[in-house]
Peer 1: 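Input: one structure, supplied below.
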Amino acid sequence: MENTKRGSWSWLRRLKTKDFRRLTGVKQRTFKQMVGCLEQREADKAKTGRELELSLEDQLLLTLQYLREYPTLYRLGIDWGVHETTAGRVVKRVEEALIKYGFRLPGKRKLRAEGEGWGYEVIVVDVAESSMERPQKNSGPTTAARRNATP
């Protein structure tokens with residue numbers, strides 16, 4: 001069953017080169033090399049457990065989306081139709097495979113800065129503790145009336 005929803009490989013491969021890179025953060029040639037590494041990993045490993053419903057291309061897209069946008073794994077799971085635990089396993093497995101085969105995976109800042117030239121604004125917040133004056137509980141002048149004075 002081929003996944004034809006937006007963001008899936010079957011839909012994404014129809015995009016122009018510029019749009020593909022804008023969306024994924026990598027060139028199509030690099031993407032194909034990454035898929036080749038994942039195919040090599042699949043050939044090297046023993047077949048255990050249940051096979052994942054996502055294609056290798058979709059697994060790579062899920063990982064690139066995670067690295068580029070840092071959504072929660074729950075959100076990725078919803079978007080890709082898998083459980084959040086499965087999304088986490090896919091991200092970990094794909095990252096390890098790409099690193100093993102020589103790809104350097106830059107963090108969020110590097111991926112975003114390359115494609116769109118976004119700058120980063122630094123905000124400094126002073127969070128030092130400061131004492132606060134509060135009225136004393138049993139202070140005479142601040143108490144409006146004493147309990148025993150009311151009838």
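Atom set for the values below is all heavy atoms of this structure, side chains included, hydrogens, waters and symmetry mates excluded. Fair warning: this is a prediction, and the values are worked out from it, not measured in the lab.
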Peer 1: Got Q59 and W80 here, is their nearest side-chain heavy-atom distance under 4.5 Å?
Peer 2: no
Peer 1: Which pair of non-hydrogen atoms, one from L73 and one from G88, has the smallest distance, and what is that distance?
Peer 2: CD1-CA, 3.8 Å
Peer 1: Could you grab the distance from atom CG of L76 to atom OG1 of T86, nearest 0.5 Å is fine?
Peer 2: 12.0 Å
Peer 1: Measuring from atom CZ of R21 to atom CG of L15, what distance do you get when rounded to the nearest 0.5 angstrom?
Peer 2: 14.5 Å
Peer 1: Would you say Y101 and L61 are hydrophobically clustered, going by side-chain heavy atoms of ILVMFWY under 4.5 Å?
Peer 2: no
Peer 1: So, for G77 and A87, which heavy atoms are closest and what is the spacing to 0.1 Å?
Peer 2: N-CB, 4.2 Å
Peer 1: Enter the distance from H83:NE2 to R89:CZ here, rounded to the nearest 0.5 Å.
Peer 2: 9.0 Å
Peer 1: Roughly how far, to the nearest 0.5 Å, is NZ of K92 from CD of E96?
Peer 2: 5.5 Å
Peer 1: If you look at every heavy atom in E39 and L56, which pair is closest and at what distance?
Peer 2: CG-CD1, 3.5 Å
Peer 1: Looking at every heavy atom in both V26 and M34, which two are closest together, and how far apart are they?
Peer 2: CG1-CE, 4.3 Å
Peer 1: Contact between Y66 and V90 at the side-chain level, heavy atoms closer than 4.5 Å - yes or no?
Peer 2: no
Peer 1: Taking all heavy atoms of L38 and all of A97, pick out the closest pair and write down the distance.
Peer 2: CD2-CB, 3.8 Å
Peer 1: Just how far is it from atom CZ of R93 to atom OG1 of T63, taken to the nearest 0.5 Å?
Peer 2: 9.5 Å
Peer 1: With a 4.5 Å cut-off on side-chain heavy atoms, are V82 and E53 touching?
Peer 2: no
Peer 1: State, yes or no, whether a side-chain contact exists between Q33 and F103 at a heavy-atom distance under 4.5 Å.
Peer 2: yes
Peer 1: Do the non-hydrogen side-chain atoms of L60 and T24 ever get within less than 4.5 Å of each other?
Peer 2: no
Peer 1: Determine whether E95 and L67 make a side-chain contact, defined as any pair of heavy atoms from C-beta on separated by less than 4.5 Å.
Peer 2: yes
